[in-house]
Number of protein chains: 2
Amino acid sequence: MNIGDVATQTGLPAKTIRYYEDIGLVTPERGANGYRIFGQSDAHKLAFLARARALGFSIEDCRNLLALWGDRSRASADVRAIAKHHLTEIETKIAGLAAMRDTLAELVQECAGDNRPDCPILKGLEGA
Amino acid sequence: MNIGDVATQTGLPAKTIRYYEDIGLVTPERGANGYRIFGQSDAHKLAFLARARALGFSIEDCRNLLALWGDRSRASADVRAIAKHHLTEIETKIAGLAAMRDTLAELVQECAGDNRPDCPILKGLEGA
DNA sequence: CATAGGGGTTCCAGTCACAGGAAGGTCAAG
DNA sequence: CTTGACCTTCCTGTGACTGGAACCCCTATG
């Protein structure tokens, strides 16, 4: 398979796949013409990566997850630890965003949004 | 005021304040020794920026909000439009993160997290 | 008066995970 | 033979800073 085929299969842009090779996440072979050749195992790895990234895992997490995936003597506790830690980070992020949303929603609702200059949003930003 | 004083007042790191000068958000004067000199108006601007950034507004949004803040003939509708658009983006982000959280939480709960290799998390990542 | 410290200054590199684009080689079809 | 779609490498840019090097300035103390 050429890079375009794997890109179609996995939904990852070709650019991203090249980048993943660059940082050592996949190591496709090369044809005589210099083209990358992806086997089934490469395609599976990339699909795995695509899903892990879609769940928000960092590249480093992905690297570790890939290693565990390929390690038959792994302990599921290690996988779980990575996932749980990431889950906590996501929850923290959500909490931060939710706080922003609440404050913003309040300000937006208070603001008339007409052509007069008076604006509760700016007031909220200028004074605590 | 020197940069350290403003940093303490606003809670912004000095580095960040220099960066804000670099990109033209504030324009403090300079003393004979080359030090930046911040007046009250600069300090207010920076406090405004700190709050806007804390609400997640982008630097470009901040630039526009600052301009509106200083524009006596502004229409509050313009401010509101920026804020509302930002609010929508935040809500979109939250929705995305919440979806990740749900999937992750489910996988984490299914995983035993012991020293055996069997792992629903990896299974979830490998197959759709 | 020399020095030590805690300011301040500039400039350069790195972050994260790619995306865009230039310049050029390769391949299959018409 | 040419066209156009694909592939290659390399370089730059993104957002909003952060860290660090190398250097200057100011005040207090021995």
Side-chain angles (χ1 to χ4, degrees), chain A residues 1-39 42-43 45-46 48-66 86 89-90 93 96-97 100, chain B residues 1-39 42-43 45-46 48-66 82 85-86 89-90 93 96-97 100:
Chain A
M1 271 192 295
N2 284 345
I3 199 169
D5 306 318
V6 196
T8 306
Q9 261 194 35
T10 61
L12 292 170
K15 279 256 168 186
T16 298
I17 297 175
R18 289 193 197 101
Y19 171 66
Y20 287 171
E21 185 193 14
D22 236 40
I23 61 174
L25 289 181
V26 283
T27 49
E29 304 194 349
R30 294 292 181 131
N33 52 12
Y35 285 21
R36 291 168 182 82
I37 303 172
F38 296 84
D42 293 315
K45 266 192 191 181
L46 287 167
F48 181 98
L49 286 169
R51 291 196 200 92
R53 291 287 301 134
L55 284 180
F57 284 104
S58 72
I59 290 286
E60 275 324 292
D61 278 351
C62 287
R63 197 188 297 281
N64 294 323
L65 289 172
L66 257 189
H86 178 47
E89 282 183 345
I90 286 185
K93 256 191 194 170
L97 287 171
M100 289 182 193
Chain B
M1 270 194 293
N2 284 347
I3 198 169
D5 306 320
V6 196
T8 305
Q9 262 195 33
T10 60
L12 292 170
K15 279 254 170 188
T16 298
I17 297 175
R18 289 194 197 99
Y19 172 65
Y20 287 172
E21 185 192 15
D22 236 40
I23 61 175
L25 289 182
V26 282
T27 49
E29 305 193 351
R30 293 293 180 131
N33 52 10
Y35 285 20
R36 289 168 183 82
I37 302 173
F38 295 85
D42 293 313
K45 266 193 191 179
L46 287 167
F48 182 98
L49 286 169
R51 291 197 199 90
R53 291 288 302 134
L55 283 181
F57 284 104
S58 73
I59 290 286
E60 274 325 291
D61 278 351
C62 287
R63 198 189 296 281
N64 294 324
L65 288 171
L66 256 189
I82 294 176
H85 182 249
H86 178 48
E89 281 182 343
I90 285 185
K93 257 191 195 171
L97 287 170
M100 288 181 195

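A, B, ... follow the sequence lines: proteins, then strands. Residue 1 opens every chain.
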Please report, rounded to the nearest Å, how far the P atom of D:dG15 is from the CG atom of B:Leu25. 13 Å

Can you tell me if A:Thr16 touches the phosphate of C:dA19, counting only side-chain N or O atoms and a distance under 4.0 Å to OP1 or OP2? yes

If you check every side-chain atom of A:Ile59, which of D:dA16, C:dC18, D:dC10 has the closest atom? C:dC18

Remember a base hit wins even if backbone is also touched, and classify B:Arg36 as base, sugar-phosphate or nothing at under 4.0 Å, heavy atoms. sugar-phosphate

Are side-chain heavy atoms of A:Leu46 and A:Leu12 found at a separation under 4.5 Å? yes

Show the numbers, then the answer: is there a salt bridge (charged side-chain N to carboxylate O under 4.0 Å, His left out) between B:Glu21 and B:Arg18? CA-CA 5 Å; B:Glu21 185 192 15; B:Arg18 289 194 197 99; over 6 Å; no

Starting at CD1 of B:Ile23 and ending at P of D:dT18, how long is that distance when rounded to a whole Å? 12 Å

Interatomic distance, B:Glu21 CD vs C:dT9 C1' [rounded to whole Å]: 11 Å

Tell me what B:Phe57 touches on the nucleic acid: a base, only sugar-phosphate, or nothing, going by heavy atoms under 4.0 Å. nothing

Below 3.5 Å, does any donor atom in the side chain of B:Tyr19 face an acceptor in the base of D:dG15, or the other way round? no

C:dT10 C1' sits how many Å from B:Arg30 CZ, rounded? 10 Å

Which whole-number value in Å describes the distance from B:Ile3 CD1 to D:dC24 P? 20 Å

Using whole Å, report how far CG of B:Asp5 lies from P of D:dC26. 15 Å

Whole-Å distance separating the CG atom of B:Asn33 from the P atom of D:dC26: 5 Å

Beyond-backbone contact of A:Phe38 with A:Asp5, side-chain heavy atoms, under 4.5 angstrom: no

With the side chain defined as heavy atoms from C-beta on, A:Arg53 is closest, among C:dA19, D:dT8, C:dC18, to C:dC18

Please report the interatomic distance CD(A:Glu89) to CG(A:Asp61), rounded to the nearest 0.5 Å. 7.5 Å

Close side-chain approach of B:Arg30 to B:Arg36, heavy-atom, < 4.5 Å: yes

Nearest-nucleotide wise, let me know which of B:Ala14 and A:Ser58 is further upstream toward the 5' end of DNA chain C. B:Ala14

Among the candidates D:dC10, C:dA17, D:dC6, find the nucleotide nearest to the side-chain atoms of A:Tyr35. D:dC6

If each of B:Lys15 and B:Tyr20 is mapped to the nucleotide of DNA chain D with the nearest heavy atom, which maps nearer the 5' terminus, i.e. the 5' end? B:Tyr20

Atom CZ of A:Arg18 to atom P of D:dT9: distance rounded to whole Å? 7 Å

